[in-house]
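Step one of this worksheet: look at the structure below.
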Amino acid sequence: MPGSEWGTATEQRFNVNLSILFTELPLLERPAAAAAAGFTAVELWWPWVDSPTPERSELDALKKAIEDAGVQLTGLNFYAGQLPGPDRGALSIPGAESERFRANIDVAADFARSLGCKALNALYGNRVEGVEAAEQDALALENLALAARAADRIGAILLIETLNQPESPLYPLVSAPAGVAVVDRVNEATGLGNARFLMDLYHLSMNGEDLPSAIERYAAKTGHVQIADNPGRGAPGTGTLPLEDLLGRLRKAGYEGWVGLEYKPGDRPSAAAFDWLPAEARAAR
């Protein structure tokens, strides 16, 4: 999609997800690569998939890489198991994974606070064979309440994300209403009101949802937006989603937050995957 078609993009605040873009580079080189491409804000999945509690030296090295690049960390996932990989979160999985999530809560929150990051994303976790859904949901609510309190402690919001059924068949939150219902339950349980919906337009489109309707209904409860085109989960213009129109609808509905670029670069270097977005629209205002 030529940049000229994104004439209103300058009204958006974009950030780059460094767990899906620039992954051809080592983790510590990605913040500088995003900055070199003209971006001033980044987000991350939990980078240490094997460790909810990495060594302080690892945390400090990533913090330094982000600060040295001059970019703002605007979003961070809590520990979510093997992601990318078979897992879709840990917080609703009884036993060791739930314990890992709990061990990670303050580590992730403190790391976010050290970089001024104001949004923490908690992936719900897959359904587990032999465990009642109600048992998983009760554990999830307990852990999400703990996460919401930790987020509140650092002045951040807690994000709860809907994924898509074709790619995440064991994940229970595969519609906007399902995700928003959990947001409402967490806010009711904590009384903090800091849980928000993460509206990923790619995932919702993969679920066949009516995107304009979802935007109209849930923009007010949305704390973060992520985009990729569909089919293919590539850059805007590689598929058929009217992403500029959808982001315009979000703006009209009152959404003023970040738009995370969470798409695959395809068979090209990540730095070449932003040609749809004019250079002057990449730095956040």
Side-chain angles (χ1 to χ4, degrees), residues 17 45-46 75 77-81 83-94 97-98 101 119-148 151 157-228 230 233 241 246 249-250 253-255 257 259-260 262:
N17 188 302
W45 303 342
W46 184 248
N77 283 16
F78 287 107
Y79 169 79
L83 182 78
D87 299 334
R88 298 290 187 273
L91 62 89
S92 67
I93 299 172
E97 279 296 83
S98 170
F101 178 82
L120 290 160
N121 183 29
L123 283 165
Y124 201 81
N126 288 329
R127 289 302 192 206
V128 179
E129 202 173 328
V131 182
E132 291 290 332
E135 182 187 338
Q136 283 197 258
D137 291 339
L139 178 63
L141 185 56
E142 207 174 298
N143 282 337
L144 285 167
L146 292 171
I157 59 172
L158 173 72
L159 296 169
I160 294 163
E161 183 173 8
T162 289
L163 301 182
N164 75 77
Q165 184 127 34
E167 293 174 322
S168 303
L170 299 177
Y171 191 82
L173 308 184
V174 287
S175 73
V180 170
V182 173
V183 168
D184 289 343
R185 282 200 291 275
V186 174
N187 283 332
E188 189 178 344
T190 65
L192 295 171
N194 69 329
R196 294 278 189 278
F197 181 48
L198 195 167
M199 184 183 289
D200 185 310
L201 296 176
Y202 167 74
H203 288 313
L204 298 188
S205 71
M206 283 287 287
N207 288 326
E209 294 191 57
D210 179 334
L211 299 182
S213 171
I215 287 167
E216 188 180 335
R217 291 174 68 189
Y218 301 124
K221 295 186 176 186
T222 296
H224 186 47
V225 171
Q226 290 173 332
I227 62 169
N230 188 21
R233 201 174 184 176
L241 279 186
L246 293 168
R249 288 172 183 266
L250 271 159
Y255 179 74
V259 177
E262 196 188 48

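Just so it is clear, the structure is predicted and the values come from calculations on it, not from any experiment. The residues of the chain are indexed from 1 along the displayed sequence.
Other residues, nucleotides and ligands contribute only 12 or fewer heavy atoms inside 6.0 Å of the CD atom of E216.
A donor-acceptor pair is defined here as one N or O able to donate and one able to accept, closer than 3.5 Å; no such pair exists between the side chain of D200 and the backbone of L163.
Between the CD atom in E161 and the CG atom in N77 there is a gap of 7.0 Å [rounded to 0.5 Å]. Distance check, rounded to the nearest 0.5 Å: OG1 of T190 to CG of L146 gives 10.5 Å. In this structure, CE in M206 is found 14.0 Å from CG in L201, a value given to the nearest 0.5 Å. Distance NZ/K221 to CG/L198: 15.5 Å, rounded to 0.5 Å. The line from CG of L173 to CG of L123 is 9.5 Å long, rounded to the nearest 0.5 Å. Put simply, OH on Y255 and OG1 on T222 are 7.5 Å apart, with the number rounded to the nearest 0.5 Å.
Contact between A195 and N187 at its shortest, heavy atoms only, is N-OD1, 2.9 Å. Nearest approach of D87 to A80, heavy atoms of both residues: CB-O, 3.6 Å. In terms of heavy atoms, P86 sits closest to N126 at O-ND2, 3.3 Å. Scanning both residues, G125 and Y171, for their nearest heavy atoms gives N-CE1, 3.5 Å. Minimum heavy-atom separation, L204 to A214: CD1-CB, 4.3 Å. Residues L139 and S98 come closest through the heavy atom pair CD1-OG, 3.6 Å.
For N207, the side-chain contact (heavy atoms from CB on, under 4.5 Å) partners are T162, N164, Q165, P166, V174, E209, not counting sequence neighbours. Residues passing the salt bridge (Lys or Arg N to Asp or Glu O under 4.0 Å) test with D210: none are found, sequence neighbours excluded. For the salt bridge (Lys or Arg N to Asp or Glu O under 4.0 Å) test, residues two or more places apart in sequence or in another chain that qualify with R249 are D245.
Inter-residue side-chain proximity for L246 and P212 is flagged as met; some heavy-atom pair is nearer than 4.5 Å. Residues L141 and V186 are in side-chain contact: their nearest non-hydrogen atoms beyond the backbone lie under 4.5 Å apart. Counting only heavy atoms from C-beta outward, the side chains of F78 and L159 never approach each other to under 4.5 Å. Residues R217 and V180 form no side-chain contact, since every pair of their non-hydrogen atoms from C-beta on lies 4.5 Å or further apart. Side chains of N121 and H224 form no contact here, defined as non-hydrogen atoms less than 4.5 Å apart. Between L250 and V259 there is no side-chain heavy-atom pair separated by less than 4.5 Å. S92 places none of its side-chain heavy atoms less than 4.5 Å from the side chain of F101.
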> Could you walk me through whether L192 and L158 pass the side chain to side chain contact (heavy atoms under 4.5 Å, CB included) check?
Replying inline: CA-CA 10 Å; L192 295 171; L158 173 72; over 6 Å; no
> Going through the checks in order, is the side chain to side chain contact (heavy atoms under 4.5 Å, CB included) test met by Y202 and E167?
Replying inline: CA-CA 11 Å; Y202 167 74; E167 293 174 322; 2.9 Å; yes
> What's the verdict on side chain to side chain contact (heavy atoms under 4.5 Å, CB included) for L170 and R88, showing C-alpha distance, side-chain angles and the deciding distance?
Replying inline: CA-CA 9 Å; L170 299 177; R88 298 290 187 273; over 6 Å; no
